[in-house]
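Report on the following structure.
First the proteins, then the strands, lettered A, B, ... as listed; each starts at 1.
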Amino acid sequence: MVITPALEKLPRSFYERDATTVAKDLLGRYLLHITGGIARIGKIVEVEAYLGQQDLAAHASKGLTSRTAVLFGPPGHAYVYRIYGLHWCMNVVSGPVGKGGSVLLRAIQPVQNVLGPTRGPGLLCRALEIDKRLNGHDLLSDDFFLAAAFEPEAFTITNRPRIGVNYAGAWSHQLLRFYIEDNSFISRR
DNA sequence: TCATTGATGGTCT
DNA sequence: GACCATCAATGAG
């Protein structure tokens, strides 16, 4: 029996801040995806910030294309794409509008109705049934959104370089990966 | 425990 | 045609 914490949907203003601020503030928040009457819920424990067009590690560095259009759209929407031909990854578009900033969700801690492992961006999406259909989806909707617990918990945030972006030169060294210290659900490495 | 590699497809050049 | 914001299975040590 899982006891679901009381949750409050995050407002648009939450996402209108810069990617680094949103990334750190997303730790400890809850991701909910409701499909077929089943609510799948995970607590976010690891994220990476992608700063926008000038960030060579970010998809937005390609500029505005059909693929990256969502990144340059309004904050508070989901950017979902396929990577390495077989995995889905999910970002949260952050502000300010037009900058192309976003936050990659890398790992969650299972809370309710989660399918399989969640320590990694591809696994996370599989576990919450997130795929291309949710690209561009508004995160203030009622079936796919982020929420805060009414009673937040205390934790320490650790900074590390982002993973898998060695091609990005100096940008690959920036400490833009954040996770909850000592949480056992972060991706290994 | 660590390093290597195969699977697999959309996007960009 | 090359390149990936990955994961799981494999084999060496």
Over how many whole Å does the gap from [X] atom [atom1] to [N] atom [atom2] extend?
{"X": "Arg67(A)", "N": "dG9(B)", "atom1": "CZ", "atom2": "P", "answer": "15 Å"}
{"X": "Asp131(A)", "N": "dG10(B)", "atom1": "CG", "atom2": "P", "answer": "13 Å"}
{"X": "Trp88(A)", "N": "dT11(B)", "atom1": "CH2", "atom2": "C1'", "answer": "13 Å"}
{"X": "Arg177(A)", "N": "dT6(C)", "atom1": "CZ", "atom2": "C1'", "answer": "14 Å"}
{"X": "Ile83(A)", "N": "dT8(B)", "atom1": "CD1", "atom2": "P", "answer": "16 Å"}
{"X": "Asn135(A)", "N": "dG10(B)", "atom1": "CG", "atom2": "P", "answer": "13 Å"}
{"X": "Leu56(A)", "N": "dC3(C)", "atom1": "CG", "atom2": "C1'", "answer": "16 Å"}
{"X": "Tyr50(A)", "N": "dC4(C)", "atom1": "OH", "atom2": "P", "answer": "12 Å"}

Examine the side chains of [X] and [Y] and answer whether a donor and an acceptor come within less than 3.5 Å of each other.
{"X": "Asp138(A)", "Y": "Ser141(A)", "result": "no"}
{"X": "Glu129(A)", "Y": "Thr35(A)", "result": "yes"}
{"X": "Tyr79(A)", "Y": "His59(A)", "result": "yes"}
{"X": "Asn135(A)", "Y": "His77(A)", "result": "no"}

Base dA5(C) paired with Tyr81(A) side chain (donor-acceptor, <3.5 Å):
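In this structure, the two groups form a donor-acceptor pair.
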I want to verify a distance call: between [options], whose nearest atom is closest to the [X] side chain?
{"X": "Arg82(A)", "options": "dT11(B), dG9(B), dT6(C)", "value": "dG9(B)"}
{"X": "Leu123(A)", "options": "dT11(B), dT6(C), dA8(C)", "value": "dA8(C)"}
{"X": "Pro117(A)", "options": "dC7(C), dA8(C), dT11(B)", "value": "dA8(C)"}
{"X": "Arg126(A)", "options": "dT11(B), dA5(C), dA8(C)", "value": "dA8(C)"}
{"X": "Lys62(A)", "options": "dT13(B), dG9(B), dC7(C)", "value": "dT13(B)"}

Protein-nucleic acid N or O pairs under 3.5 Å, nucleotides 3-6 of chain B:
none

Looking at Tyr84(A), I'd like to know whether one of its side-chain N or O atoms comes within less than 4.0 Å of OP1 or OP2 on dC3(C).
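Negative; the distance criterion is not met.
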Taking OP1 and OP2 of dA5(C), is either one under 4.0 Å from a side-chain nitrogen or oxygen of His59(A)?
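Result: yes.
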If we take the C1' atom in both dA8(C) and dG10(B), what is their distance in whole Å?
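My reading of the C1' atoms in dA8(C) and dG10(B) gives 22 Å.
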What's the gap between dG13(C) and dT5(B) when it is taken at their P atoms, as a whole Å value?
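The answer is 14 Å between these two P atoms.
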Could you grab the distance from atom [atom1] of [X] to atom [atom2] of [Y], nearest 0.5 Å is fine?
{"X": "Arg106(A)", "Y": "Ser187(A)", "atom1": "CZ", "atom2": "OG", "answer": "4.0 Å"}
{"X": "Leu124(A)", "Y": "Ile130(A)", "atom1": "CG", "atom2": "CD1", "answer": "5.5 Å"}
{"X": "Glu48(A)", "Y": "Leu26(A)", "atom1": "CD", "atom2": "CG", "answer": "13.0 Å"}

Pairing string of DNA chain C (Watson-Crick or G-U wobble, both atom distances under 3.5 Å; | = paired to other strand) is ||||.|||||||.
Let me check something: do Val70(A) and Tyr50(A) share a hydrophobic cluster, defined by ILVMFWY side-chain heavy atoms less than 4.5 Å apart, either directly or through other members?
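Yes, Val70(A) connects to Tyr50(A) through the hydrophobic network.
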Scan Arg162(A) against the nucleic acid and name what it touches under 4.0 Å (heavy atoms): base, sugar-phosphate only, or nothing.
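Result for Arg162(A) = nothing.
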Please determine if Arg17(A) forms a cation-pi arrangement with Phe14(A), meaning its NZ or CZ atom is less than 6.0 Å from the six-membered ring centre and no more than 45° off the ring axis.
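Verdict for Phe14(A): a cation-pi partner in Arg17(A).
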Please name all residues satisfying side chain to side chain contact (heavy atoms under 4.5 Å, CB included) with Glu151(A), sequence neighbours left out, ordered by chain then number.
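So Glu151(A) forms no side chain to side chain contact (heavy atoms under 4.5 Å, CB included) with any residue.
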